[in-house]
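None of these values were measured; they are calculated from a predicted model. Along the sequence shown, residues are numbered consecutively beginning with 1.
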Amino acid sequence: MEHTSTSVLEAPRQGWLNRFLNGVEKAGNKLPEPAMLFLYALGLVWVASAILSQFSFDLVNPRTGAPVAVNNLLTGAGLAEFLAGMVTTFTSFAPLGIVLVAMLGVGVAEQSGFINTGLKKLLQVTPARFLTPMLILVAIMSHTAADAGYVLVIPIGGIIFHAAGRHPLAGIAAAFAGVSGGFAANFLPSGGDALLQGFTQTSAQLLDPEYMVNTLCNIIFTGASSLLIIVVGWFVTEKIVEPRLRDVALDDDAESSEEMGSYTAQEGRAFNRAGLAMLGGLVLLVMALWPADSPLRATDGSLTTFAAPVMKSIVPLIFLLFILPGIVYGFVAGTFQKSRDVIDAMSSTMNKMGSYMVMAFFCSLFIKAFGDSNLGTLLALAGAEVLQAMALPGQITIVGMILLTASVNLVVGSASAKWALISPIMVPMLMAVGISPELTQAAYRVGDSASNIITPLMVFFPLVVVYCQRYVKSTGIGTLVSMMLPYSLAFLVSWTLFLLIYWALGFPLGLQAPYVYPAPM
């Protein structure tokens with residue numbers, strides 16, 4: 001069959017949506033790389049500190065009771081201190097070590113094939129009527145393995161839908177919605193939790209240097225959000241997206257590649273043994289935590305306070321719980337032949353983190369200068385005065401935070417770069433009006449996720465277009481956006497309402513995660 005010109009997806013390429021997307025893409029392409037963005041921001045902080053240090057402000061820091069004053073960083077002493085501390089500023093940057101350590105373990109599990117086979121097994125044992133929700137569930141769980149969902153789950157979504165007699169583009173759309181549109185939803189801890197927590201804590205400490213943010217401060221909310229994303233994504237796929245694709249014919253030479261969704265008997269055995277290794281690791285962890293005098297507990301016996309060593313060890317535990325089954329799988333499946341292969345897997349993962357480390361270098365310098373200048377405190381308190389004068393309910397402020405993030409996401413695709421830019425202003429600003437950093441982070445995650453799937457500037461967006469072109473060669477950016485727009489709007493509206501209801505009912509966001517600042521005693 002040939003792809004006809006009457007496709008229901010043809011219109012968006014010719015109408016206002018394509019013109020709008022072209023404008024966004026053109027504007028986004030004019031932005032510098034995230035690393036350069038932070039370098040320019042650093043220069044702006046220096047200049048602003050020199051100018052604003054000449055003025056006095058009628059603002060008082062509620063924590064210290066002292067008037068707010070901007071520190072001039074463009075003095076000889078300031079520049080000398082900046083150069084002397086540049087190395088330690090970078091190496092002590094909180095998100096850097098957290099992300100790299102977690103990714104070392106996850107990288108071994110991914111490179112060995114353990115995660116890939118696990119995803120394939122989950123999808124293959126699913127009854128046909130639950131194919132859509134299971135695909136979205138697996139897509140959500142793939143967040144634990146960084147970019148595994150983009151390179152594995154999305155193409156397999158097309159393959160499995162095609163094999164089931166359904167339109168493969170609907171499978172790709174559902175998987176893309178779960179992987180990227182539901183990026184903030186997950187039942188399991190992931191490197192994303194650690195990455196955002198590092199920025200949130202650093203930003204909160206601009207106003208309150210003693211404030212600590214738990215890595216799992218949103219874990220209960222993100223787990224509950226997973227159920228929402230599955231239900232909403234299921235409805236949108238089968239009631240909106242798939243019916244619109246019914247008349248979109250596949251090209252004669254569309255790839256089926258059904259073998260991509262299968263695994264060998266040896267890989268199955270390897271996965272079973274690796275799964276036992278992971279289960280054994282979890283059992284050992286529970287046994288270590290069980291005694292009242294466990295060294296992993298705090299002195300008062302608690303497991304969830306910041307003083308508990310287990311809470312300080314979340315990232316190392318993620319590392320261990322992924323590297324152990326990854327190694328077992330690799331040697332049983334044959335992807336690893338010697339210990340050097342494990343090291344190579346770690347090295348390969350770190351190679352992929354190179355651009356993040358470059359960005360983190362400039363980001364750490366910007367964050368340090370922003371804090372030293374006192375500009376963050378000034379902006380936060382000035383913004384808080386405006387918010388207080390407007391007397392808006394906290395719920396409206398949070399909705400505004402979500403919409404702001406969703407809008408910025410259209411031109412700044414990187415979640416870490418975006419939060420690194422927004423958090424130093426928004427976190428302390430909302431703290432000053434009584435909203436906790438943990439709630440602000442949750443609102444950010446909602447806005448960031450919902451618009452991921454409609455911005456061509458998201459780094460994996462072109463890859464998803466290529467996946468679609470395996471089946472319909474005329475697929476373009478407008479085609480993909482028109483498929484994903486219903487998900488984006490549905491997620492944005494339903495997830496925002498969900499957060500507000502969740503907040504009103506007082507359900508916990510996660511561990512050590514109050515809704516208000518300062519937290520009630």
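- Scanning for side chain to side chain contact (heavy atoms under 4.5 Å, CB included) contacts around Thr222 gives Asn218, Ile219, Arg445, with sequence neighbours left out.
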Pairs under 3.5 angstrom only: tabulate donor-acceptor contacts from the side chains of residues 313-320 to other protein residues two or more places apart or in another chain.
from, atom 1, to, atom 2, distance (Å)
Ser313, OG, Pro309, O, 2.7

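- When side chains are defined from C-beta on, Leu39 counts as touching Met36, because their heavy atoms get closer than 4.5 Å.
- Aromatic ring centroids of Tyr471 and Phe161 lie 6.0 Å or more apart.
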Exercise for review: Check step by step if ring pair (Phe, Tyr, Trp, His ring centres under 6.0 Å) holds for Phe362 and Phe93.
Suggested key: CA-CA 11 Å; Phe362 291 103; Phe93 187 51; over 10 Å; no
Practice item. Any chance you could lay out the side-chain contact (heavy atoms from CB on, under 4.5 Å) test for Met103 and Met350, step after step, and finish with the verdict? Key: CA-CA 8 Å; Met103 288 308 301; Met350 288 300 99; 4.1 Å; yes
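- Qualifying salt bridge (charged side-chain N to carboxylate O under 4.0 Å, His left out) partners for Glu242, counting only residues two or more places apart in sequence or in other chains: Arg166.
- Around atom CZ of Phe235, no more than 12 heavy atoms belonging to other residues, nucleotides or ligands sit under 6.0 Å away.
- In this view, Phe370 and Phe366 satisfy the ring pair (Phe, Tyr, Trp, His ring centres under 6.0 Å) rule, not counting sequence neighbours.
- If you check the side chains of Thr200 and Trp419, you find a donor sitting under 3.5 Å from an acceptor.
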Donor-acceptor list for residues 496-503 side chains, cut-off 3.5 Å, not counting sequence neighbours:
from, atom 1, to, atom 2, distance (Å)
Thr496, OG1, Leu492, O, 2.6
Tyr502, OH, Pro508, O, 2.5

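- Contact check for Tyr467 versus Leu169: no side-chain heavy atoms found under the 4.5 Å cut-off.
- Contacts of Thr405 classified as side-chain hydrogen bond (donor to acceptor under 3.5 Å, both in side chains), with partners at least two apart in sequence or in another chain: none.
- The shortest side-chain heavy-atom distance between Leu228 and Trp495 falls under the 4.5 Å cut-off.
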Practice item. Mind running side-chain contact (heavy atoms from CB on, under 4.5 Å) on Ile230 and Ile140 for me, showing each step along the way? Key: CA-CA 9 Å; Ile230 291 169; Ile140 289 172; 3.9 Å; yes
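- Under the 4.5 Å side-chain criterion, counting only non-hydrogen atoms from C-beta, Ile435 is in contact with Thr397.
- Looking at Met483 and Ile453, their side chains never come closer than 4.5 Å, going by heavy atoms from C-beta outward.
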Practice item. Dump the intermediate steps for side-chain contact (heavy atoms from CB on, under 4.5 Å) on Phe114 and Met278, then the final yes or no. Key: CA-CA 11 Å; Phe114 171 66; Met278 177 178 272; 4.0 Å; yes
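- Each of Ile154, Thr237, Ile156, Val153 was compared with Leu135 under the side chain to side chain contact (heavy atoms under 4.5 Å, CB included) criterion, and only Val153 meets it.
- With hydrogens and angles left out, the side-chain atoms of Glu238 and Thr132 include a donor and acceptor closer than 3.5 Å.
- No side-chain heavy atom of Leu96 sits under 4.5 Å from any side-chain heavy atom of Ser364.
- Here the straight-line distance linking atom CE of Met429 with atom OG of Ser423 works out to 12.0 Å at 0.5 Å rounding.
- The closest side-chain heavy-atom distance from Leu509 to Gln441 is not below 4.5 Å.
- The side-chain heavy atoms of His162 and Leu250, taken from C-beta on, include a pair separated by under 4.5 Å.
- Taking the six-membered ring for Trp, Tyr517 and Tyr211 have ring centres closer than 6.0 Å.
- Judged by distance alone, the side chains of Thr117 and Tyr329 do bring a donor and an acceptor atom under 3.5 Å apart.
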